[in-house]
K.L.:
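Sharing a structure, written as structure tokens. Questions coming.
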There are 2 protein chains.
Amino acid sequence: MDKVAKPARVEAGIARPDAPPLTERQEARRRRILHASAQLASRGGFDAVQMREVAESSQVALGTLYRYFPSKIHLLVATMQDQLEHMHGTLRKKPPQGEAAAERVAETLMRAFRALQREPHLADAMVRALTFADRSVSPEVDQVSHQTTLIILDAMGLEDPTPEQLSAVRVIEHTWHSALITWLSGRASIAQVKIDIETVCRLIDLTEPRS
Amino acid sequence: MDKVAKPARVEAGIARPDAPPLTERQEARRRRILHASAQLASRGGFDAVQMREVAESSQVALGTLYRYFPSKIHLLVATMQDQLEHMHGTLRKKPPQGEAAAERVAETLMRAFRALQREPHLADAMVRALTFADRSVSPEVDQVSHQTTLIILDAMGLEDPTPEQLSAVRVIEHTWHSALITWLSGRASIAQVKIDIETVCRLIDLTEPRS
DNA sequence: ATCAAGTCTGAAACTTGTTCTAGATTACCT
DNA sequence: AGGTAATCTAGAACAAGTTTCAGACTTGAT
């Protein structure tokens, strides 16, 4: 009789390997919360993600919401982790075509950028949370950063990068985040972001002396 | 009798060339507010800059504070403008020594970085405000960005940069801001920031084919 | 089946950014 | 000097993030 014998603990996603395991219902709650968060964010961006509303939309008491995500920032960063995993999966399916590594990275980031453009409010909420996060959110932000690194390394097609290459990747990430912010706050055009990404990707060439 | 004949209008600093001119007392209020803001920020960072406290410290009613700076973010961005002007002046006095432009820019930014390290809480408040700013603060944020550009161009020693060089400068600024954030939130060491800055500055070499 | 520990709920309270209001004060014009 | 519009003040009120708490429900173990 395998009905509900033991309340079937479910492993959380790759992103939270350490946390105490959650029951099915808890996992379901967590999903509902993240879904509500993304939904509200898609509508009106950072400001539209109001904790009371998230709680209501996901059928959870406010106190419970705070037990799962200790602050609005934590919630939005977790939402970003969620979306990033999804995007990494999508990107993997159609690897970029360029010849040079720099081209492929730029192409990948522009593809990600276009995906964000489709939900600019959601992008706003996630990126603002990410850069506003203080030390208490560092582990989660690091996860996001790590995931981004993986995406870029994937695009470069590298097995084990040199320290120099990792530095270049770090700088690319810096540029990526900051360029997103300038776009989201209306201080840079899409074309400008494209130029910035292409410019920074030239750093990759410097790490491959081509000889 | 030149006591208070006409309430002597004073031109606002370089940073606000358009705004309606302020009287002496208004200029003094503005100064007191910015001073209080910087002071509180130096103590406890972003969170310690509480609007009621700023108002009290600067002997101004809350409503007046909001008339001068329409939000906490506006206030902190203005504080940053203020500090940046100061820093630009300081940096100008001792121009960097490096041979190559890339070296000089890296040296300048590291000098600025060391200045920020002396008041990490203040840096935290200003940088967090800068990246959290939404569209309503765009003009002010652009001012800050422009001022930063000037500092970098100064270090490069350029009169009229090429579009390529401007792109490199943009990317350097992106990296600068983002690297600051990772440092402020404890996710990167000072050494790491140094590496990132030096890495991105190599982009400058790409714009000077040295021939 | 039952108990102890942990979790969830609903509601109120607290904090800090922001807005609003009525009455004083100040600045500018003639 | 006098009048009027703009500005400033004190304080209340509002909004949204966060905390707290008593009581109901689940979970895991016996």
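We name chains A, B, ... by the order of the sequence lines, and we start the count at 1 in each one.
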K.L.:
Any N or O donor-acceptor pair linking the side chain of B:Arg52 to the base of C:dT18 at under 3.5 Å?
P.N.:
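For B:Arg52, whose side chain was compared with the base of C:dT18, there is a donor-acceptor pair (under 3.5 Å).
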K.L.:
Taking for each residue the nucleotide of DNA chain C with the nearest heavy atom, is it B:Arg25 or B:Gly63 whose nucleotide lies nearer the 5' end?
P.N.:
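Nearest nucleotide further toward 5': that of B:Gly63.
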K.L.:
Out of D:dG17, D:dT7, C:dT18, which has the shortest distance to the side chain of A:Met51?
P.N.:
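Selected nucleotide (nearest to the side chain): D:dG17.
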K.L.:
NZ of A:Lys72 versus C1' of C:dG17: gap in Å, rounded?
P.N.:
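Rounded to the whole Å, the gap is 13 Å.
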K.L.:
Taking for each residue the nucleotide of DNA chain C bearing the nearest heavy atom, is the 5' side occupied by A:Arg67 or by B:Tyr66?
P.N.:
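Looking at the nearest nucleotide for each, A:Arg67 comes out on the 5' side.
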K.L.:
I want to verify a distance call: between D:dT18, D:dA12, C:dA27, whose nearest atom is closest to the B:Leu62 side chain?
P.N.:
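So the side chain of B:Leu62 is nearest to D:dA12.
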K.L.:
Looking at A:Ala129 and A:Ile73, what are the two nearest heavy atoms and their distance?
P.N.:
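For A:Ala129 versus A:Ile73, the nearest heavy atoms are O-CG2, 3.7 Å.
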K.L.:
Given atom CD1 of B:Ile73 and atom P of C:dG17, what is their separation to the nearest angstrom?
P.N.:
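In whole Å, C:dG17 P and B:Ile73 CD1 are 10 Å from each other.
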K.L.:
Below the 4.0 Å mark, does C:dC8 have OP1 or OP2 next to a side-chain nitrogen or oxygen of A:Tyr68?
P.N.:
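Yes.
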K.L.:
Does one side chain, of B:His146 or B:Thr149, offer a donor that lies under 3.5 Å from an acceptor on the other?
P.N.:
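Not at all, the side chains of B:His146 and B:Thr149 share no donor-acceptor pair under 3.5 Å.
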K.L.:
Can you name the closest pair of heavy atoms from A:Met80 and A:Met126 and give their distance?
P.N.:
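Closest pair (atom of A:Met80, atom of A:Met126, distance): CA-SD, 3.6 Å.
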K.L.:
Where the side chain of B:Arg29 is defined as all heavy atoms beyond and including C-beta, which of D:dT9, D:dG28, C:dC8 is the nearest nucleotide?
P.N.:
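When the side chain of B:Arg29 is considered, D:dT9 is the closest of D:dT9, D:dG28, C:dC8.
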K.L.:
Does the side chain of A:Gln26 get closer than 4.0 angstrom to OP1 or OP2 of D:dT26 through an N or O atom?
P.N.:
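No, outside the criterion.
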K.L.:
What is the distance from CD of A:Glu27 to C1' of C:dT7, rounded to the nearest Å?
P.N.:
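Roughly 16 Å, once rounded to whole Å.
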K.L.:
Check every atom of C:dT7, D:dG17, C:dT16 against the side chain of B:Gln50 and return the nucleotide holding the closest atom.
P.N.:
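Selected nucleotide: C:dT16.
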K.L.:
Is the cationic atom of B:Arg128 (NZ for Lys, CZ for Arg) positioned less than 6.0 Å from the six-membered ring centroid of B:Phe46 and within 45 degrees of its normal?
P.N.:
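Satisfied, under 6.0 Å and within 45°.
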K.L.:
Could you check whether B:Val54 gets within reach of a base, just the sugar-phosphate, or nothing at all, counting any heavy atom under 4.0 Å?
P.N.:
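Counting heavy atoms under 4.0 Å across all strands, no contact is made by B:Val54.
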K.L.:
Over how many whole Å does the gap from B:Leu65 atom CG to D:dT9 atom P extend?
P.N.:
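After rounding, the reported distance stands at 10 Å.
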K.L.:
Within this structure, what is the CD1-to-P distance between A:Ile33 and C:dT7, rounded to whole angstrom?
P.N.:
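Taking CD1 of A:Ile33 and P of C:dT7, I get 14 Å after rounding.
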K.L.:
Rounded to whole Å, please give me the gap between CZ in B:Arg128 and P in C:dG17.
P.N.:
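It is 13 Å, rounded to the nearest whole Å.
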K.L.:
Could you tell me the separation between the CG atom of A:Leu76 and the C1' atom of D:dA16, rounded to a whole number of Å?
P.N.:
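To the nearest whole Å, that distance equals 14 Å.
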K.L.:
Got a sec: does the CD of B:Gln117 have more than 12 other heavy atoms crowding it under 6.0 Å?
P.N.:
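More than 12 heavy atoms, drawn from other residues, nucleotides or ligands, come within 6.0 Å of this atom.
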K.L.:
Between atom CZ in A:Arg30 and atom P in C:dT7, what is the gap in whole Å?
P.N.:
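Between P of C:dT7 and CZ of A:Arg30: 16 Å.
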K.L.:
B:Ser185 and A:Ser138: which non-hydrogen atoms are nearest, and at how many Å?
P.N.:
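For B:Ser185 versus A:Ser138, the nearest heavy atoms are O-OG, 2.9 Å.
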K.L.:
For D:dT9, take OP1 and OP2 only and decide whether either is under 4.0 Å from a side-chain N or O of B:Gln59.
P.N.:
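The answer is no; no side-chain N or O of B:Gln59 sits under 4.0 Å from OP1 or OP2.
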K.L.:
If you only use heavy atoms from C-beta on, which nucleotide in C:dT18, C:dT9, D:dT9 is closest to the side chain of A:Thr64?
P.N.:
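Out of C:dT18, C:dT9, D:dT9, the nucleotide with an atom closest to A:Thr64's side chain is C:dT9.
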K.L.:
Counting heavy atoms from C-beta on, name the nucleotide in C:dT18, D:dA10, C:dA12 closest to the side chain of B:Ala61.
P.N.:
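Comparing C:dT18, D:dA10, C:dA12 against the side chain of B:Ala61, the answer is D:dA10.
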